[in-house]
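Structure first, commentary second.
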Amino acid sequence: MQFMLVAGLTTLASFAEVVTIGTVIPFLMALTSPQTLYKHAAAQSLIAFLGISSKEDLVLVLTCCFAAASVGAGLLRVALLWANAHFSSRTGADLSISIYRRTLYQPYAVHVSRNTADVIGGVTIKTSGLVSNVFSPALTLMSTMIMMLSILGALVFIDPMIALGALGGFALIYGVIMKFTRRRLANNSERTTRELNRAIKVLQEGLGGIRDVLIDGTQKIYCETYRLADLRMRNAHANTLFLSQYPRFLIEALGTVLIAIVAYVLAGREAGVGEALPVLGALALGAQRMLPVVQQGYASWASIIGSRGYLADTIALLDQPLPEYLDTKPIEPLRFKKEICLKQIAFRYTPDTPWVLNNVDLTIAKGRCVGFIGESGSGKSTLLDIVMGLLTPTSGALEVDGQVISVANQRSWQVLVSHVPQAIFLTDSSVAENIAFGVPTEEIDMDRVRRAARRAQIADLIESWPGGYGATVGERGVKLSGGQRQRIGIARALYKQAEVIIFDEATSALDNQTEEAVMRAIEGLGKDLTILIIAHRLSTLSICDEIVEISNQRILRIGTYAEVVTQRQAANAVSERA
């Protein structure tokens, strides 16, 4: 609909330009030779229709017609500018949300393999750049082509030789300019995109790691890296802007010379300057209208070529596939009554990378609390990522009550699963909003929030704060202690009413006393939940029903806390004797 509006206004504006050029000849004739025009056969029908009785009245009517045509053309150009701007803006918004939506629905393996700076740049800056530097210029280019052809048609009707000669000269000049600037514009496009990604990456790293930056005193390094990236990006953008604008001044000078030559030629004809003046005025007005249009078209072309990097990155992000379940009916939770089974699980991220897990068999009964321990890189987190449905096994199968978890039913399983990581992500909003994370504020069930907080053993503390559940936690929970953040993470999992809660080194950054308190809160969650805990320290897992030790991408041993402690002590003793 909006595109049709733009197309319609372009057609009307082009027609208005032709009318303006067409009315300038009788208008100038009325000014220079009113008596001749008054007696002209073509003017008699207008004189009779309007009841004009003198040449002065005819001059007034033609002046009003020319003024009305000029004003009408100007208003239509303004309307076309408004329509182009709003159409481009709406398209930019649609592109941005489409990229963000497609990105959020990508598998976890895709997210861990890419740099978020590229995605953020694509969703925000590159989309805006695409609209302002590619899409909007493309609309302008379409409009200018239609207008240029319309104006040219009017000029050809007035004087074919001069009009076609001028067009050929302008086309030749712009053709030569385009040939020599195309490569430079493409290079500027690549440089702009590359340096933009670098600038966003530096911003993310500097602000995201601000504690380390302040402690290490590395502000100067980050500022200098950002300065160089930003300067190179802006220089490339400035070069593109210059290359798109400078021909205008050359063409305007050439146009002035051309008008002078035409005036000289027309003045040399037998009819003299008086007869030639209306034609000259029409040609001058046509040139005055067409030169900016031609320049606008060239500038639009240069902007598109200079922003190919934005276009390529945006198209790549728009090309991300969406999952099949997206448009299906609301997801029904999977039936989970008995056990989770991992059968012959093997996993690696790509065919040319080492195995992270190999030949893992494990059964977890519903309602059990199972701990996982092992050295860094042993595959603990990857194993539980597979249990959560975030990663698909390279071989083997994850089964829940005998049903294989696949792409088709993955979301039905994930409805029952919640995750409490080491670093809880908290937004700069209220406690209630952080517990009911991802739920619109007006849809938060406060009774459910309070129950979740009570089971996480943090309700008394929250209710003692000014504002209670409405108190803000600060960006990333900066106003809270480590233990408080972890308990809010537990409350978040409980608010979701998950049946399986996975703690991925959720207490490893806490001191011993705080860790004990958090582990007591986990122990008190009840036997209706299946709890899986990853920890670095074996002592952290003393509350678990059984412990799984992973080593060298395989399960080394499974047993109770006491059994694993005994086996480890025996293994250490043998190692010391050896």
Side-chain angles (χ1 to χ4, degrees), residues 106-116 205 208-209 212 340-364 369-398 405 417-425 482 486 489 500-510 512 515 518-519 522 531-542 544 546-559 561 563-565 567-572 574-576 578:
Q106 293 311 296
Y108 180 66
V110 173
H111 287 280
V112 298
S113 66
R114 64 168 34 145
N115 192 313
T116 55
E205 292 174 355
D212 292 327
I340 302 167
C341 290
L342 294 99
K343 295 184 175 180
Q344 296 291 300
I345 293 291
F347 179 83
R348 58 181 174 182
Y349 285 94
T350 60
D352 55 349
T353 55
W355 291 100
V356 182
L357 292 170
N358 199 359
N359 196 30
V360 172
D361 286 291
L362 180 65
T363 299
I364 302 169
C369 179
V370 181
F372 293 81
I373 194 166
E375 297 177 353
S376 296
S378 59
K380 306 183 301 296
S381 295
T382 301
L383 181 64
L384 293 192
D385 283 341
I386 291 173
V387 171
M388 289 186 282
L390 292 175
L391 296 175
T392 302
T394 306
S395 63
L398 167 67
I405 303 301
V417 179
S418 196
H419 177 230
V420 183
Q422 177 181 346
I424 303 294
F425 178 77
Q486 294 308 115
V500 179
I501 302 181
I502 294 174
F503 295 86
D504 190 352
E505 300 185 18
T507 63
S508 62
L510 306 179
N512 292 337
E515 182 184 48
V518 171
M519 293 308 295
I522 295 173
I531 297 174
L532 310 180
I533 306 173
I534 293 177
H536 271 308
R537 296 186 294 270
L538 180 59
S539 59
T540 304
L541 303 177
S542 60
C544 296
E546 61 183 354
I547 295 172
V548 178
E549 185 170 358
I550 300 176
S551 179
N552 295 324
Q553 295 78 49
R554 290 178 172 83
I555 292 178
L556 180 63
R557 59 173 65 92
I558 301 175
Y561 175 73
E563 289 171 344
V564 171
V565 168
Q567 291 171 10
R568 285 186 127 200
Q569 288 174 345
N572 290 337
V574 171
S575 177
E576 288 175 3

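Counting from 1, the numbers follow the sequence of the chain as shown.
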Answer whether the closest heavy-atom distance between the side chains of [X] and [Y] falls below 4.5 Å.
X	Y	answer
L398	I340	yes
V548	I364	no
S376	H536	yes

With F347 as reference, evaluate V360, I386, T392, D385 under the side chain to side chain contact (heavy atoms under 4.5 Å, CB included) test and give the passing residue. I386
In this structure, which one of I502, I550, D504 forms a side chain to side chain contact (heavy atoms under 4.5 Å, CB included) with F372? I550
Inter-residue atom distance [X].[atom1] - [Y].[atom2], 0.5 Å rounding:
X	Y	atom1	atom2	result
Q553	T382	CD	OG1	9.5 Å
I534	L383	CD1	CG	7.5 Å
L538	E549	CG	CD	7.5 Å
L532	C544	CG	SG	9.0 Å
T363	I558	OG1	CD1	8.5 Å
R554	S378	CZ	OG	13.0 Å

Please report the closest heavy-atom contact between [X] and [Y], naming both atoms and the distance.
X	Y	value
I533	C369	CD1-SG, 3.9 Å
P393	I345	CG-CD1, 3.7 Å
L357	G379	CD2-O, 3.5 Å
Y561	S539	OH-CA, 3.7 Å

Donor-acceptor contact below 3.5 Å, side chain N359 vs main chain Q344: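 No, the answer is negative, given that no donor and acceptor are paired below the 3.5 Å cut-off.
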More than 12 heavy atoms of other residues, nucleotides or ligands under 6.0 Å from CD of E375: yes or no? no
